[in-house]
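Letters A, B, ... are given to chains in the order of the sequence lines, protein chains preceding strands, and every chain is numbered from 1. Predicted model only: the values in this text are computed from it and were never measured.
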There are 2 protein chains.
Amino acid sequence: MMTRQMAEGAARAAGRPRSEKAEKSIIEATLEMIGEGIAVSELSIEGIASRAGVGKTTIYRRWSNKEDLVVDALATLKPPLPPLRGDSVRDDLVAYLTVIKDESRHSRTRCIMNIAMSDSDRHPRLAARFDELAIQPRRAVMAEVLRRGIERGELRPDLDVEMAMAILSGAMLWHTKWSHRSTDLPDDLAERIVDEALRGFRPR
Amino acid sequence: MMTRQMAEGAARAAGRPRSEKAEKSIIEATLEMIGEGIAVSELSIEGIASRAGVGKTTIYRRWSNKEDLVVDALATLKPPLPPLRGDSVRDDLVAYLTVIKDESRHSRTRCIMNIAMSDSDRHPRLAARFDELAIQPRRAVMAEVLRRGIERGELRPDLDVEMAMAILSGAMLWHTKWSHRSTDLPDDLAERIVDEALRGFRPR
DNA sequence: TCGATACGCAACCGTCGCGTTTCATAATGT
DNA sequence: ACATTATGAAACGCGACGGTTGCGTATCGA
């Protein structure tokens with residue numbers, strides 16, 4: 001990865017070892033603050049150190065700047081992908097979008113999304129990392145579901161998989177982003193999106 | 001509006017009047033900086049004053065804080081709505097989404113979108129203003145197009161207009177947000193989105 | 001002409017964060 | 001024990017910024 005400061009697995013083994021606990025609390029504090037809606041540019045090393053209960057020195061010994069720290073923090077996120085092995089494309093898609101919807105209720109997820117979408121221009125490394133960790137795996141899962149549906153004959157053979165993904169994910173994104181003005185998302189939102197979209201995806 | 005400092009239309013009429021030009025350059029400088037990707041929290045009054053070629057005093061005389069200034073700056077944006085009087089729902093929707101797509105190439109629009117989407121939690125007044133100025137009018141136009149299509153029989157009578165808008169706008173949002181990784185959007189993107197979506201919107 | 005107000009500019013103080021250094025202390029290998 | 005390295009705390013100089021004040025000038029109505 002090369003974002004960390006030296007002393008990764010290397011030889012040196014003299015003196016007091018670095019505290020694993022300190023490292024954990026630093027990362028956790030960073031994620032917490034991001035999850036509270038603090039933008040990357042507003043994150044302060046001092047604030048992180050204070051919340052993590054460590055000295056600034058301990059942070060600077062590991063990361064040379066804020067972005068490196070945030071990149072490593074994001075790297076610890078392993079977004080759990082929903083297991084989808086339903087009996088139909090519809091079930092899989094509903095399950096998938098339901099996970100997305102539920103996640104959007106957690107502020108941590110929402111704020112991380114914000115960072116991914118807004119700070120992407122200013123922090124390309126960060127955006128790339130997020131894309132690699134969170135976006136691509138999910139794209140792959142969804143594409144697989146759709147491709148399976150085509151093979152099974154549930155979906156049109158000429159369906160544009162990329163466009164279908166854009167429609168499904170986009171519709172959910174639209175709701176989580178815009179209609180999240182005070183009001184909660186309806187319970188059956190995933191079903192409604194999928195049913196409306198599938199109408200055009202199925203064979204004639 | 002009440003965000004401005006006194007002396008709006010009120011009686012007082014002694015002494016040198018406030019410079020309209022200064023006001024313009026302040027607002028313009030603010031919009032420029034926002035358009036360059038500077039987040040609201042990163043905007044500095046000093047930076048705005050410097051770019052606008054005015055003294056800080058001139059800003060503080062008009063707005064008591066940063067958010068008030070940004071709110072007024074956003075208020076000057078009158079996003080030109082595309083004239084849609086096409087002969088079909090498809091034409092209208094393609095025209096509409098094409099405008100959205102083209103706008104997403106201008107950094108000012110993209111950055112303003114970022115602010116609307118990310119800073120909405122932290123600056124509710126700002127988000128509300130943006131919603132009122134940019135989102136709602138466009139929602140209304142699109143809803144009208146779809147409703148007209150239903151009346152004409154081009155679309156299913158039972159079509160969920162809100163959901164249809166989410167699918168169409170969401171698909172475009174998805175592309176402008178995620179696939180804008182270095183690569184440009186295809187010229188026929190609007191057509192492809194509309195054609196794919198309409199497949200499920202038309203009467204059986 | 002005169003009073004009032006606005007202007008740009010510069011200086012000011014207080015705050016905050018950065019990145020560094022120093023310090024006494026804690027934890028490890030030999 | 002001893003050398004070595006890490007730790008949290010505190011303080012440092014530095015620069016950016018907020019918000020205020022004063023200065024000399026410009027522009028208005030009366």
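Rounded to a whole Å, the CG atom of N65(B) is 7 Å from the P atom of dG19(D). Rounded to an integer number of Å, the gap from CD1 of I26(A) to C1' of dT7(D) is 11 Å. Atom P of nucleotide dC28(D) and atom CD of E20(B) are separated by 13 Å, given to the nearest angstrom. Taking atom CD of E46(A) as the reference point, atom P of dA11(D) lies 13 Å away to the nearest angstrom. Residue W63(B) contributes atom CH2, which lies 17 Å from atom C1' of dG18(D) at whole-angstrom precision. Spacing between atom OH of Y60(B) and atom C1' of dA6(C) amounts to 18 Å, rounded to whole angstrom units. The CD1 atom of I48(B) sits 14 Å away from the C1' atom of dG19(D) (whole-angstrom rounding). I59(B) places its CD1 atom 13 Å from the P atom of dT20(D), with the value rounded to the nearest Å.
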CA sep, side-chain torsions, deciding dist, call: I150(B), V161(B), side chain to side chain contact (heavy atoms under 4.5 Å, CB included): CA-CA 9 Å; I150(B) 294 177; V161(B) 173; 4.0 Å; yes
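No donor-acceptor pair closer than 3.5 Å links the side chain of Q136(A) to the backbone N or O of D131(A). Side chain of T30(B) to backbone of V70(B): no donor-acceptor contact under 3.5 angstrom is found. At distances below 3.5 Å, not a single donor-acceptor pair connects side-chain atoms of K56(A) with backbone N or O atoms of I45(A).
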Can you name the atoms? Protein N/O to nucleotides 7-9 of chain C N/O, anything below 3.5 Å, with the distance.
| from | atom 1 | to | atom 2 | distance (Å) |
| --- | --- | --- | --- | --- |
| dC7(C) | OP1 | S19(B) | N | 3.3 |
| dC7(C) | OP1 | R62(B) | NH1 | 3.0 |
| dC7(C) | OP1 | R62(B) | NH2 | 2.7 |
| dC7(C) | OP2 | R61(B) | NH1 | 2.4 |
| dC7(C) | OP2 | R62(B) | NH1 | 3.4 |
| dG8(C) | OP2 | T58(B) | OG1 | 2.3 |
| dC9(C) | N4 | T57(B) | OG1 | 2.8 |

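The CG atom of L97(A) sits 11.0 Å away from the NE2 atom of H175(A) when rounded to the nearest 0.5 Å.
Ion pair D68(A)/R62(A) not flagged as a salt bridge, since none of the NZ, NE, NH1 or NH2 atoms sits closer than 4.0 Å to an Asp/Glu carboxylate oxygen.
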